[in-house]
Amino acid sequence: MRTDCKHIVIFFYTAFVFSLAVSCGKSGPAGEGVPIEFGVSNVDVSVKSVLDQETVNEGSVYVYADEGGASLYSGEAITLETGTGKWLPEKIETWENGVGYTFYGYTSSYSGSSVLTVSDEGRVIEVSQPASYSPDDMADYLLSYIFNVSDGSVRPVVNLSLEHAMSLVEIKVVRSPSIFDARLNSLTIEGFYRSAKMQCQQAVYGSGDTNEWTVTLSGDPDTGYSVPNGADIPSSEDETNDGIMMRFMAIPQQLTSGVTLTVEYSVNEKSTADDEDNYQVHTEEFRLYNFSPSEWRSGHRVVYVLTVDTGIHLYGMIAPWKNVDNIEGTVLPEI
């Protein structure tokens with residue numbers, strides 16, 4: 001009787017091991033069943049009224065993906081998982097060995113509104129920036145490079161490297177420390193387009209290329225932004241005030257002779273610190289197409305720096321968004 005029980009136990013143990021081996025075999029080769037995870041990068045711009053890294057992290061990125069030529073994701077939202085740094089969709093898909101994948105994604109500040117509409121799976125946008133200066137209502141749009149995976153057995157973190165479609169324009173006014181005091185009476189930039197349809201030819205991640213946007217401008221080049229604020233103009237050595245008087249998102253465009261930057265300011269033209277204040281009003285106008293860069297390009301940041309000093313000159317350079325397209329000017333008050 002004891003022998004029969006022993007044989008029964010051995011039989012059930014053998015059957016259990018066999019069934020476990022069969023069930024493991026059904027799961028497929030090692031690596032399958034691994035979830036597809038995302039990362040979001042290349043957003044790091046700490047400026048107001050645009051999508052910086054912090055703002056993107058608090059929102060969603062919309063993902064498109066093909067798996068072996070078939071659609072895997074079609075505009076699904078992915079969000080940042082707290083504490084892990086992983087970006088995940090609500091429904092997580094898994095890698096399949098021997099299959100190729102293509103991924104990309106986008107995010108925006110005004111998707112689906114009259115300010116910004118998105119079509120063609122994120123590759124086409126129509127945008128209308130505000131008619132008057134309104135920093136909180138500026139539209140920003142970021143589209144990633146294409147991320148290719150030749151075989152699902154590689155299973156990388158899918159890096160959605162986002163790039164700005166708009167150009168960021170900042171106007172900075174500072175004074176030389178040799179000037180006693182100066183105040184900004186008004187600041188106006190005008191004569192540019194604010195609306196366009198934009199279509200993107202995406203770059204491949206790791207290729208060293210950038211996204212190329214074809215821009216079809218619409219409306220008239222009659223947009224004007226003004227800041228009549230009477231603010232004190234800080235010293236160029238003031239570390240607590242960067243002197244940025246205006247910041248806006250611009251449609252990428254070649255500047256024309258009609259694009260002008262006009263500054264009215266008052267300078268305290270007293271000779272010594274003990275003299276009575278002697279504020280004199282001055283106005284300077286700059287036709288921006290005369291200076292380099294003469295184009296507001298996608299993914300670029302242009303800073304116009306005007307310094308109240310003892311001469312006048314302008315120069316600039318082309319640089320990525322995270323650095324700056326810097327144009328500096330020095331304004332000579334007629335003392």
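Throughout, numbering of the chain's residues begins at 1 and tracks the sequence.
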For this session: May I ask you to decide if Gly98's main-chain N or O and Asp151's side chain share a donor-acceptor pair within less than 3.5 Å?
Result: yes
For this session: Give a yes or no on whether a salt bridge exists between Glu170 and Arg247, defined as a side-chain N under 4.0 angstrom from a carboxylate O.
Result: yes
For this session: For the residue pair Phe103 and Phe38, categorise the inter-ring angle as parallel (less than 30°), tilted (30 to 60°) or perpendicular (more than 60°).
Result: perpendicular
For this session: Determine whether Leu184 and Val263 make a side-chain contact, defined as any pair of heavy atoms from C-beta on separated by less than 4.5 Å.
Result: yes
For this session: Give the cluster check for Ile244 versus Ile233: same hydrophobic cluster or not, with ILVMFWY residues linked at side-chain heavy-atom distances below 4.5 Å.
Result: no
Exercise. Going by atom types only, do Asp238 and Thr240 share a side-chain donor-acceptor pair under 3.5 Å?
Worked result: yes
For this session: Mark yes or no: Arg183 above the aromatic ring of Tyr265, with NZ or CZ under 6.0 Å from the six-membered ring centre and no more than 45 degrees from the axis.
Result: no
Problem set entry | side chain to side chain donor-acceptor pair (under 3.5 Å) between Asn185 and Ser266, worked out | CA-CA 7 Å; Asn185 299 332; Ser266 298; 2.9 Å; yes
Exercise. For Asp140, does its backbone N or O pair with a side-chain atom of Ser109 as donor and acceptor, under 3.5 Å?
Worked result: yes
Seminar exercise, completed: When every non-hydrogen atom of Pro234 is compared with those of Met245, the smallest separation belongs to CD-CE, 4.0 Å
Problem set entry | Rounded distance (nearest 0.5 Å) linking atom CD1 of Ile189 with atom OG1 of Thr223 | 10.5 Å
Exercise. Thr260 versus Glu190: any side-chain heavy-atom pair under 4.5 Å?
Worked result: yes
Exercise. So do Met198 and Met166 actually touch side chain to side chain, heavy atoms under 4.5 Å?
Worked result: yes
Exercise. If you measure from CZ on Phe248 to CE on Met246, what distance do you get to the nearest 0.5 Å?
Worked result: 7.0 Å
For this session: Mark yes when over 12 heavy atoms from residues, nucleotides or ligands other than Glu90 sit less than 6.0 Å from its CD; otherwise mark no.
Result: no
Exercise. What closest approach, in Å, do Ala139 and Val127 show between heavy atoms, and which atom pair accounts for it?
Worked result: CB-CG2, 3.8 Å
Problem set entry | Rounded distance [0.5 Å steps], OG in Ser74 versus CD in Glu121 | 5.5 Å
Exercise. Can you check whether Ser167 reaches Glu295 side chain to side chain, under 4.5 Å on heavy atoms?
Worked result: no
Problem set entry | Exam field: side chain Asn211 to backbone Leu143, donor-acceptor pair closer than 3.5 Å | yes
Exercise. Can you check whether Val204 reaches Tyr145 side chain to side chain, under 4.5 Å on heavy atoms?
Worked result: no
Exercise. Any idea which heavy atoms bring Ala165 and Ser298 closest together, and the distance?
Worked result: O-OG, 2.8 Å
For this session: Show the numbers, then the answer: is there a side-chain contact (heavy atoms from CB on, under 4.5 Å) between Lys91 and Glu76?
Result: CA-CA 9 Å; Lys91 180 184 178 183; Glu76 274 77 8; over 6 Å; no
Problem set entry | Flag side-chain contact, heavy atom, 4.5 Å: Arg194 against Ser128 | yes
For this session: Verify whether one side chain among Tyr101 and Asn148 offers a donor that lies under 3.5 Å from an acceptor in the other.
Result: no
Problem set entry | Joint cluster assignment, Val124 & Leu162, ILVMFWY side-chain distance < 4.5 Å | no
For this session: For Val158 and Trp87, run side-chain contact (heavy atoms from CB on, under 4.5 Å): C-alpha distance rounded to whole Å, both residues' side-chain angles, the deciding distance at 0.1 Å, then the answer.
Result: CA-CA 9 Å; Val158 177; Trp87 288 74; over 6 Å; no
For this session: Indicate, with yes or no, if Leu72 and Ile78 share a hydrophobic cluster defined by side-chain heavy-atom contacts under 4.5 Å among Ile, Leu, Val, Met, Phe, Trp and Tyr.
Result: yes
For this session: Give, for atom CD of Glu126 and atom NZ of Lys197, the distance between the pair rounded to the nearest 0.5 Å.
Result: 5.5 Å
For this session: Given side-chain contact (heavy atoms from CB on, under 4.5 Å), test Val173 with Tyr304 step by step and report yes or no.
Result: CA-CA 8 Å; Val173 185; Tyr304 296 96; over 6 Å; no
For this session: Report the distance from atom SG of Cys200 to atom OH of Tyr106, rounding to the nearest 0.5 Å.
Result: 13.5 Å
Exercise. Is there a donor in the side chain of Asp222 and an acceptor in the side chain of Tyr193, or the other way round, less than 3.5 Å apart?
Worked result: no
Exercise. Between the side chains of Glu276 and Asn278, does any donor sit under 3.5 Å from an acceptor?
Worked result: no
Problem set entry | Under 3.5 Å: donor-acceptor pair, side chain of Thr107, backbone of Ser60 | yes
Exercise. Between Ser144 (side chain) and Gly105 (backbone), is there a donor-acceptor pair under 3.5 Å?
Worked result: yes
Exercise. Taking the six-membered ring where the residue is Trp, are the ring centres of Tyr104 and Phe147 under 6.0 Å apart?
Worked result: no
For this session: Please confirm whether the backbone N or O of Gly243 pairs with a side-chain atom of Asn241, one donor and one acceptor, at under 3.5 Å?
Result: yes
Problem set entry | Considering all heavy atoms, the nearest Ile179-Val267 contact | CG2-CG1, 3.9 Å
For this session: Indicate, with yes or no, if the rings of Tyr64 and Tyr73 have centres closer together than 6.0 Å.
Result: no
Exercise. Do Ser41 and Asn159 have a side chain donor and acceptor closer than 3.5 Å?
Worked result: yes
Seminar exercise, completed: For Pro252 and Leu217 the tightest heavy-atom approach is O-CD2, 4.0 Å
Exercise. From Ile251 CD1 over to Phe192 CZ, what is the distance, rounded to the nearest 0.5 angstrom?
Worked result: 10.0 Å
Exercise. Between Gln254 and Ser294, is any side-chain donor less than 3.5 angstrom from a side-chain acceptor?
Worked result: yes
Exercise. Val115 and Ile125: same hydrophobic cluster, using ILVMFWY side-chain contacts below 4.5 Å?
Worked result: yes
Exercise. If only atom types and distance count, is the side chain of Glu58 paired as donor or acceptor with the main-chain N or O of Val56 below 3.5 Å?
Worked result: no
Seminar exercise, completed: Smallest heavy-atom separation, Tyr141 atom then Ser108 atom, equals CD1-CB, 3.5 Å
Exercise. Are Lys172 and Val174 close enough, and set up right, to give a side-chain contact (heavy atoms from CB on, under 4.5 Å), and what steps lead you there?
Worked result: CA-CA 7 Å; Lys172 176 177 180 177; Val174 294; 3.9 Å; yes
Exercise. Can you find a pair of side-chain heavy atoms, one from Trp296 and one from Leu168, that are under 4.5 Å apart?
Worked result: no
Problem set entry | Joint hydrophobic cluster, Val227 plus Tyr225, side-chain heavy atoms closer than 4.5 Å | yes
Problem set entry | Side-chain heavy atoms of Met249 within contact of Gln129, under 4.5 Å | yes
